[in-house]
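Following: one structure in structure tokens, then a few remarks.
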2 protein chains.
Amino acid sequence: MNRKKKPLSHPDVEKRLVDAGVQPTAQRIAICGYILGEADHPTAEEIKKWADRHFPKMSRATVYNTVKTLVDAGILQEFKFPHSDAAVYDSNTDIHYHFLDEKTGELHDVQPESVDLSVKLKEGFKVKGIQILLRGTKK
Amino acid sequence: MNRKKKPLSHPDVEKRLVDAGVQPTAQRIAICGYILGEADHPTAEEIKKWADRHFPKMSRATVYNTVKTLVDAGILQEFKFPHSDAAVYDSNTDIHYHFLDEKTGELHDVQPESVDLSVKLKEGFKVKGIQILLRGTKK
DNA sequence: CATATGATTAGAATAACTCTAAATTTAAAC
DNA sequence: GTTTAAATTTAGAGTTATTCTAATCATATG
């Protein structure tokens with residue numbers, strides 16, 4: 001089931017976009033509203049399928065253009081995981097990790113507080129970022 | 001620079017293959033010898049380029065077939081990382097993690113002893129595997 | 001409202017594989 | 001040692017996810 005996501009009104013989404021310095025076109029409001037308020041780690045293809053049902057007409061290129069714009073604006077994070085070739089988009093822009101349910105393919109955000117790690121590498125290695133994917137099953 | 005890799009003789013590689021239950025064809029001996037004795041996290045494309053220089057004639061499909069065979073036989077591990085679409089092949093088949101030098105794109109193996117982590121997730125999450133990519137720079 | 005800037009579009013192009021069906025090599029049976 | 005069967009290799013077509021291109025359309029500003 002989908003964690004506490006609340007649908008967002010179009011004006012709310014529009015404000016989010018404008019605040020982030022993004023021109024609020026109809027396509028962007030639609031896609032952004034879907035990802036922020038409804039979707040859970042959607043791929044571009046899932047966004048396209050959603051748009052085909054909820055938006056009069058949207059090209060695949062617009063989906064890609066838009067998610068890129070939203071990532072650049074700091075509204076989304078993009079992730080790529082080894083189990084799938086498709087990138088996923090996450091409305092959680094804070095540092096966090098992921099858990100992949102290998103049975104269902106579902107991704108769950110993992111808060112950094114749930115993970116306690118320390119890394120000690122040889123001289124010369126400077127760690128600036130950490131990506132963690134936990135794999136397993138979820139009851 | 002490449003960590004302590006020693007070239008392997010063809011007979012040694014052949015033995016490795018036979019021991020793993022893999023028919024030791026000329027193509028497999030060549031590719032396996034290259035990855036075990038020389039290469040550092042090569043992609044299929046890099047293996048193909050090496051083969052074009054060191055083997056009379058090898059199709060791209062054979063490169064892909066062969067690395068798949070070697071992975072299935074437990075001789076190699078395959079990894080995919082977010083910074084590149086191409087899979088890489090690792091002669092280290094033990095559990096380990098990676099460090100990506102963002103300046104050079106080089107991957108370095110990270111031994112599990114260098115990483116101390118504990119994960120505590122909510123009830124129902126059973127972790128069966130962990131993938132970690134450290135990103136940064138190396139002097 | 002004219003015009004420049006920015007966004008959207010369809011479809012072509014690309015990268016990294018995977019698939020297919022035929023040809024070749026190797027192994028197994030006689 | 002040939003014949004037969006099984007496994008491997010191959011070229012090229014197909015697939016998937018994404019980017020690029022260049023034309024069209026919308027929006028914002030003077």
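Remember, predicted model here, so these are calculated numbers, not experimental data. Within every chain, numbering begins at 1; the chains are lettered A, B, ... in the order of the sequence lines, protein sequences first and strands thereafter.
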*asked:* Looking only at the side chains, is there a donor atom on one of B/R28 and B/Q23 sitting less than 3.5 Å from an acceptor on the other?
replied: no

Check every strand shown and say whether [X] touches a base, only sugar-phosphate, or nothing at a heavy-atom separation below 4.0 Å.
| X | value |
| --- | --- |
| B/A61 | base |
| A/T62 | base |
| A/R60 | base |
| B/A44 | nothing |
| B/Q27 | sugar-phosphate |

*Can you check whether B/I35's main-chain N or O pairs, donor with acceptor, with B/K5's side chain at less than 3.5 Å?*
yes

Atom pair distance, as rounded to whole Å: [atom1] in [X] and [atom2] in [N]:
| X | N | atom1 | atom2 | result |
| --- | --- | --- | --- | --- |
| A/D85 | D/dA17 | CG | P | 7 Å |
| A/Y64 | C/dA15 | OH | C1' | 13 Å |
| B/L17 | C/dT26 | CG | C1' | 15 Å |
| A/D52 | C/dA10 | CG | P | 10 Å |
| B/K48 | C/dA15 | NZ | C1' | 15 Å |

*Within a reach of under 6.0 Å around NZ of B/K103, are more than 12 heavy atoms found that belong to other residues, nucleotides or ligands?*
no

_As an exercise, state the distance from OG of A/S114 to CD1 of A/I132, rounded to the nearest 0.5 Å._
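Answer for the OG-CD1 pair, A/S114 versus A/I132, is 10.5 Å.
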
_If you assign each of B/A26 and B/K80 to its closest nucleotide in DNA chain C, which residue comes earlier from the 5' end?_
B/K80

*Residue closer to the 5' end of DNA chain C, A/T69 versus B/A86 (nearest nucleotide)*: A/T69

